[in-house]
Amino acid sequence: MGTKRTFRIWRGDADGGDLQDYSVEVNEGEVVLDVIHRLQATDAPDLACRWNCKAGKCGSCSMEINGMPKLGCMTRMSTFEENETVTVTPLRTFPVIRDLVTDVSFNYEKARETPAFAPPADLAPGDYRMQQVDVERSQEFRKCIECFLCQTVCHVVRDHDENKQAFSGPRYFIRAAELDMHPLDAKTDRKEYAQSEQGLGFCNITKCCTEVCPEHIKITDNGIIPMKERVVDRRYDPLVWLGSKIFRRGQVPQTSVTSEHSPGAVRSSATAHGVHSHAGGSHDTAAEVQAQQGVNWHREVPKPTAPAVDASGKLPLTELTFDRAAAPSPFGDDVTFPLPPEHLNFAHPEQDEKH
Amino acid sequence: MTTDSHRDTSATTRIERHHYDVVVIGAGGAGLRAAIEARLAGKKTAIISKSLFGKAHTVMAEGGAAAAMGNVNSRDNWQVHFRDTMRGGKFLNNFRMAELHAKESPQRIWELETYGALFDRTKDGKISQRNFGGHEYPRLAHVGDRTGLELIRTLQQKIVSLQQEDQRDHGSYDARIKVFSETTITELLLDGDRVAGAFGYYRESGEFILFEAPAVVLATGGVGRSYKVTSNSWEYTGDGHALALRAGATLINMEFLQFHPTGMVWPPSVKGILVTESVRGDGGILKNSEGKRFMFDYVPDVFRKQYAETPEEADRWYTDPDNNRRPPELLPRDEVARAINSEVKAGRGTPAGGVYLDIASRLPAEEIRRRLPSMHHQFKGLADVDITKEPMEVGPTCHYVMGGVEVDPDSGAAYGSVRGLFAAGEVSGGMHGSNRLGGNSLSDLLVFGKRAGGHAASYVDQLAGRPRVEVSAVETAVETALAPLQRDTGENPYTLQQDLQAVMGDLVGIIRREAELADALVRLAELRERVAKVSAAGGRRYNPGWHLALDLRNMLVVSECTAKAALERRESRGGHTREDHPTMDPQWRRVNLVCSLDGDTVRLDRKPLPKMRTELIGLFDRAELAKYLTDEELAEFDALAAADAAGKES
Amino acid sequence: MTSSATRPRGARARAAIAAKTLRTDRWWLAPLITVIGLGAWITYATVRVFMHDYYWVEEFHYLTPFYSPCVTDRCIAEASHFGQYLPGWWIIPDAAFTLPFLLLFRLTCYYYRKAYYRSFWLSPPACAVPDGHASYGGETRFPLIVQNSHRYFFYFAAIISLINTWDAIAAFRSPEGFGFGLGNLILVGNVVMLWAYTISCHSCRHIIGGRLKHFSKHPVRYRAWGFVSWLNVRHMQLAWITLGTLALTDFYVMSVAAGWISDLRFIN
């Protein structure tokens with residue numbers, strides 16, 4: 001009952017690789033992931049590929065099939081022509097580990113930076129009361145299976161690696177939207193955070209994230225655009241702006257956030273190396289409160305970020321054009337010395353003897 | 001890689017060392033909850049995840065999490081939940097675990113809300129609860145059909161929020177809790193009888209990693225990957241079960257596995273997905289490869305009177321149930337499973353080893369779409385199978401293992417000869433007895449995850465000195481791990497896995513017979529020889545063949561436990577059906593089968609079940625207890641009841 | 001947080017795939033159609049706006065939306081419902097108060113942004129097809145940061161829709177008093193679609209109810225939000241339909257005004 005089909009699969013690692021042709025038997029009703037498993041059991045036992053549930057629920061088997069980011073377990077072979085070559089490649093946006101497996105740590109780093117749910121202070125567990133209509137919007141975003149297809153298809157980072165620092169990606173925009181729409185979330189500055197720290201402004205709503213979402217979450221219409229509108233409420237509303245100019249109050253937290261990140265050339269051209277470090281301000285509720293009251297004397301100074309490079313990837317080392325007084329640190333401007341001990345991976349040879 | 005280079009590598013192999021207070025193996029619901037608890041107790045905690053963070057098998061749970069919150073029906077309380085759980089497990093449950101579970105699960109669910117979970121709501125804004133088989137009242141907190149995903153995402157995000165706290169206080173996200181994703185633990189290391197650490201490798205790079213930690217929590221899930229047809233993911237290779245055995249802990253109830261009689265067996269893209277019973281209730285019939293509607297041949301005598309004898313009568317039942325007897329397709333689950341099993345073994349099954357479930361020829365397409373919308377949609381979407389046009393191929397599917405590490409009910413500490421080892425979730429045994437109620441697994445994860453994490457932390461506190469890892473033990477572990485890569489003469493791990501799955505699926509499956517089980521043990525012994533010589537092609541970097549070769553060892557030892565225990569228990573109860581001993585035997589209810597490792601061989605012992613406390617047994621009706629208890633136990637119960645009555649009068 | 005994050009990271013490379021895109025379907029078709037469609041419409045509209053003629057049918061009071069309200073002193077007096085304020089220089093459109101806002105409303109519309117970013121700006125031309133530009137800052141800085149003002153153009157667009165509604169009502173005329181012809185049908189159809197497009201706007205959806213945290217406390221706004229959301233799903237279709245109805249309405253009025261055809265009258 002099986003027929004032979006041609007597959008082109010990218011094999012290789014960070015040092016290089018290429019598309020290799022395989023002729024493999026395909027049976028009726030199979031999906032791409034089944035074919036990859038057959039290859040593993042026959043021609044290519046060491047073909048690396050992530051997978052887990054095989055039912056479209058865990059979001060592990062993300063790959064690019066004929067150039068489009070898809071889940072391997074949800075792409076049926078019957079969607080291809082009988083004689084069509086199926087090309088399978090790893091996610092293009094992330095560094096490759098081996099074959100179809102990529103290093104998706106970018107996403108987990110961004111997840112770690114997104115402020116978590118802030119429970120209301122006055123409610124004990126069991127006392128939470130929410131109406132179904134109020135939780136439904138957030139529930140849609142919680143359907144996300146974190147397959148990162150939206151993250152890989154988004155041209156902001158897919159085609160411009162240098163934006164990875166400043167841009168969190170659709171997955172984390174809907175996370176911010178989810179929390180902002182959560183009926184009991186106590187944090188009020190998620191919109192400002194999305195705009196200034198997550199890089200919501202980079203999104204030009206070309207909707208590819210929505211197109212590839214296997215959970216059919218309306219990422220753009222229900223998540224990103226409402227967030228953009230909420231930002232407009234706070235930041236681009238001329239009436240509010242006028243009010244703040246006249247009365248000189250009420251808008252301090254926003255300006256404190258924006259002032260750190262005027263979207264200048266340095267920031268957007270910063271290299272992707274080094275971990276993105278955030279200015280503390282907007283994370284910290286205490287600082288927030290203080291900022292509301294007036295000048296914030298204790299606001300954390302933003303940590304320095306990686307050195308800025310020009311279009312050719314070199315440091316712009318003329319004193320006239322460079323934005324700093326001295327040369328940048330050769331270790332990257334976000335590395336401070338001494339390194340914290342938990343960043344070291346060192347065990348003293350004699351530490352075992354001490355016990 | 002040649003043997004020469006191996007000598008080099010074993011001398012110079014780089015091993016990354018880490019020091020932690022508590023190492024949690026497994027990043028599903030139980031593991032994450034345990035890690036949160038250990039971290040909240042101030043312990044430096046590592047979470048080891050075999051796949052990426054947040055992809056654990058918990059996401060597959062659809063129904064909900066059972067907790068007697070009484071939001072929908074205020075008469076619900078922990079006693080009712082306890083009763084339901086014991087009934088579901090056919091009274092073989094560890095009563096204390098069932099009690100703790102029933103008492104604590106509401107708290108654990110409410111706690112999730114403070115972490116940001118969004119359950120479906122009732123009209124007055126509380127958590128909505130739904131009905132589920134075996135639960136007396138609506139009890140399952142749920143979010144559509146993705147409750148498991150909600151649970152794991154919530155716990156994942158709670159861990160992130162703890163890491164953000166650490167970042168604020170200590171300047172590093174990983175200061176006190178760290179996730180090692182795509183990392184597999186191959187060995188637990190001991191110092192005498194105390195756990196001293198865990199050894200494993202990064203899947204990504206193949207590099208080794210050593211955790212030195214006085215307490216280890218196992219939360220690795222189940223064993224379904226040893227079966228041909230399973231709804232479980234590749235991670236379910238029984239790692240935790242095997243690690244515990246090798247460290248000197250014991251397993252109980254390993255003979256009890258939950259199977260569903262009709263899971264899809266073909267096409268591969270939907271293999272293991274369950275086909276709900278309502279397909280048969282709506283007119284679906286079972287046929288063998290000869291096209292015969294075979295269920296009429298399998299109606300047991302006791303059911304003869306209630307079930308139709310001819311297809312004509314059976315077909316009339318769908319429209320006129322009052323004057324006709326039911327079609328035999330609606331026999332109890334185990335009868336249906338037995339029938340399918342017999343047909344397949346008699347050579348009348350489909351090529352994939354199932355039978356046909358035909359609804360297409362029975363109802364108009366429009367009607368099928370109306371009655372079974374999600375089924376139709378699921379199969380159309382996943383496999384392009386149109387259930388309105390063609391029959392489905394179904395067979396018994398492995399779903400959940402009730403057995404697992406024998407633990408102290410209160411603390412989750414493993415019994416046996418090892419200290420510092422804890423277990424929670426599917427990998428631990430006892431809670432569900434011989435069968436699990438739907439919805440109890442998710443709350444089980446939370447209740448016992450928290451307990452295991454908390455008690456692991458207090459175990460670390462009361463330790464006088466930290467246990468030390470033996471250098472020689474690490475060297476052995478390295479050698480064992482590298483061995484499959486160095487052989488080039490052995491068999492392909494995928495072939496071995498298929499053979500193992502065939503043995504377990506065919507001989508230790510849903511319906512068991514003595515001769516087959518004995519045969520299975522012989523074959524497993526043969527497989528053990530072959531697995532010892534397995535070889536994996538390729539290098540160490542993200543090499544799935546090598547990973548499988550290392551997992552095989554665990555799958556094999558756990559399978560042996562299952563087969564041995566299944567051979568030993570001569571009765572049918574819950575998830576264990578013996579064709580040669582088809583009834584429940586009250587004497588067997590008093591016995592747990594305990595599996596341990598004696599050198600290299602699997603040993604099986606009998607152990608009496610702990611006796612239920614009087615106030616708990618008093619929750620049950622005498623008539624119900626009579627079905628499960630021996631005469632001796634019943635007499636005891638009567639004496640108690642009499643004393644109680646006398647006490648009330650005086 | 002994969003394990004690599006735990007070790008010193010070298011520069012890790014992406015998979016070396018030579019092809020810019022491996023898509024095998026006709027991904028270029030959608031942007032191409034957009035370019036042709038929008039290009040044709042803009043050409044037509046430009047020609048019409050600077051024609052300064054054939055916008056008013058005196059007999060039935062039909063006024064094309066491209067000239068409403070007519071505010072220059074070269075306007076036909078009867079067509080200037082709201083007065084004449086500007087000199088009649090040819091470069092000034094006769095509807096100078098409304099056309100710029102309508103243009104900006106559509107230019108900042110979330111759907112049109114998607115359409116022209118993809119098809120004209122190639123950023124990106126289609127999903128998983130590389131961006132045509134070396135660097136990208138999105139809508140983070142001037143001039144594209146101005147896209148955030150969409151909401152204010154929505155307010156203007158709502159007012160203009162009112163004016164168009166007035167035009168459509170005022171057109172139920174004939175020399176004998178009340179009248180009703182094919183032109184009225186077209187004008188009313190156009191206005192209905194314009195309202196649907198305007199109301200289905202994402203900003204409107206936000207203002208109506210999207211900004212609320214608790215729907216349960218605002219049942220009326222929640223229902224309104226539900227209706228707008230229903231329309232909003234069709235925003236793209238409405239965006240194209242209204243381009244069609246605008247051009248059709250204008251063309252019909254032009255044809256009648258120029259005397260190429262005569263209006264089909266149902267009553268008077």
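Numbered from 1 within each chain, the chains take letters A, B, ... in sequence-line order. Only this structure's heavy atoms are used, side chains among them; waters, hydrogens and symmetry mates stay out.
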Looking only at Gln40(A), Met77(A), Glu136(A), most heavy-atom pairs under 4.5 Å shared with chain B are made by Gln40(A)
Give, as side chain, backbone, both or neither, the part of Glu150(B) having an atom under 4.5 angstrom from any heavy atom of chain A.
both
Ranked by heavy-atom pairs below 4.5 Å to chain B, first place among Gly126(A), Pro119(A), Ala124(A) goes to Gly126(A)
Check: Asn232(B) main-chain N/O paired with Lys54(A) side-chain donor or acceptor under 3.5 Å
no
The interface call for Leu118(B) against chain A, heavy-atom contacts under 4.5 Å, is both
Which portion of Ser51(B) sits near chain A, non-hydrogen atoms under 4.5 angstrom
side chain
Decide yes or no for Gln139(A) and Asp120(B): does some side-chain heavy atom of the first lie under 4.5 Å from some side-chain heavy atom of the second?
yes
I need the Ile97(A) CD1 to Arg203(B) CZ distance, nearest 0.5 Å.
11.5 Å
Taking Arg146(B) for the side chain and Ile145(A) for the main chain, is one N or O donor matched with an acceptor at less than 3.5 Å?
no
So for Asn492(B), is it side chain, backbone, both, or neither that comes closer than 4.5 Å to the heavy atoms of chain A?
side chain
Which one wins on heavy-atom pair count under 4.5 Å against chain B: Glu30(A), Lys143(A), Met130(A)?
Met130(A)
Proximity breakdown for Lys50(B) and chain A, heavy-atom pairs closer than 4.5 Å
neither
CA sep, side-chain torsions, deciding dist, call: Tyr108(A), Val179(B), side chain to side chain contact (heavy atoms under 4.5 Å, CB included)
CA-CA 11 Å; Tyr108(A) 288 100; Val179(B) 181; over 6 Å; no
Start with the C-alpha gap between Arg175(A) and Gln157(B), add the side-chain angles, then the distance that decides, and say whether side-chain hydrogen bond (donor to acceptor under 3.5 Å, both in side chains) holds.
CA-CA 11 Å; Arg175(A) 170 75 174 142; Gln157(B) 286 161 355; 3.1 Å; yes
Are any side-chain N or O atoms of Gln164(B) and backbone N or O atoms of Arg112(A), one a donor and one an acceptor, separated by less than 3.5 Å?
yes
Would you mind telling me which of Cys49(A), Cys58(A), Ala55(A), Cys73(A) has the largest number of heavy-atom pairs within less than 4.5 Å of chain B?
Cys58(A)
The interface call for Tyr236(B) against chain A, heavy-atom contacts under 4.5 Å, is neither
In terms of heavy-atom proximity below 4.5 Å to chain B, should Asp13(A) be classed as side chain, backbone, both, or neither?
side chain
Which bit of Gln156(B) is near chain A, if near means a heavy-atom gap under 4.5 Å: side chain, backbone, both or neither?
side chain
After noting the C-alpha distance and the side-chain angles of Glu204(B) and Val101(A), does the key distance pass the side chain to side chain contact (heavy atoms under 4.5 Å, CB included) rule?
CA-CA 9 Å; Glu204(B) 182 190 317; Val101(A) 177; 6.0 Å; no
Measuring from Ile273(B):CD1 to Cys53(A):SG, what's the distance to the nearest 0.5 Å?
8.5 Å
Between the main-chain N or O of Lys55(B) and the side-chain N or O of Glu146(A), is there a donor-acceptor pair closer than 3.5 Å?
no
Work out which heavy atom in Arg98(A) is nearest to a heavy atom in Arg541(B); give both atom names and the distance.
NE-O, 2.6 Å
Top residue by heavy-atom pair count (under 4.5 Å) with chain A, among Val59(B), Thr114(B), Asp124(B), Thr154(B)?
Thr114(B)
Between Arg225(B) and chain A, with a heavy-atom cut-off of 4.5 Å, which part of the residue counts as in contact: side chain, backbone, both or neither?
side chain
Would you say CD of Glu470(B) has more than 12 non-hydrogen atoms from neighbouring residues, nucleotides or ligands within 6.0 angstrom?
no
Could you tell me which portion of Ala41(A) (side chain, backbone, both or neither) has an atom closer than 4.5 angstrom to a non-hydrogen atom of chain B?
both
Exercise: identify the closest heavy-atom pair between Ala116(A) and Ser161(B)
CB-CB, 3.2 Å
Intermediate values then yes/no, side chain to side chain contact (heavy atoms under 4.5 Å, CB included), Thr42(A) and Tyr494(B):
CA-CA 9 Å; Thr42(A) 55; Tyr494(B) 294 96; over 6 Å; no
Could you state the interatomic distance from NE2 (His57(B)) to CG (Asn52(A)), rounded to the nearest 0.5 Å?
9.0 Å
Determine whether Val143(B) and Arg142(A) satisfy the following criterion, side chain to side chain contact (heavy atoms under 4.5 Å, CB included), listing intermediate values before the conclusion.
CA-CA 10 Å; Val143(B) 191; Arg142(A) 292 186 71 87; over 6 Å; no
Do Arg129(A) side-chain atoms and Gly125(B) backbone N/O form a donor-acceptor pair below 3.5 Å?
no
For chain B, which of Val31(A), Asp127(A), Leu184(A), Val133(A) has the most heavy-atom pairs under 4.5 Å?
Val31(A)
When you compare the side chain of Tyr542(B) with that of Arg50(A), does any pair of heavy atoms fall below 4.5 Å?
yes
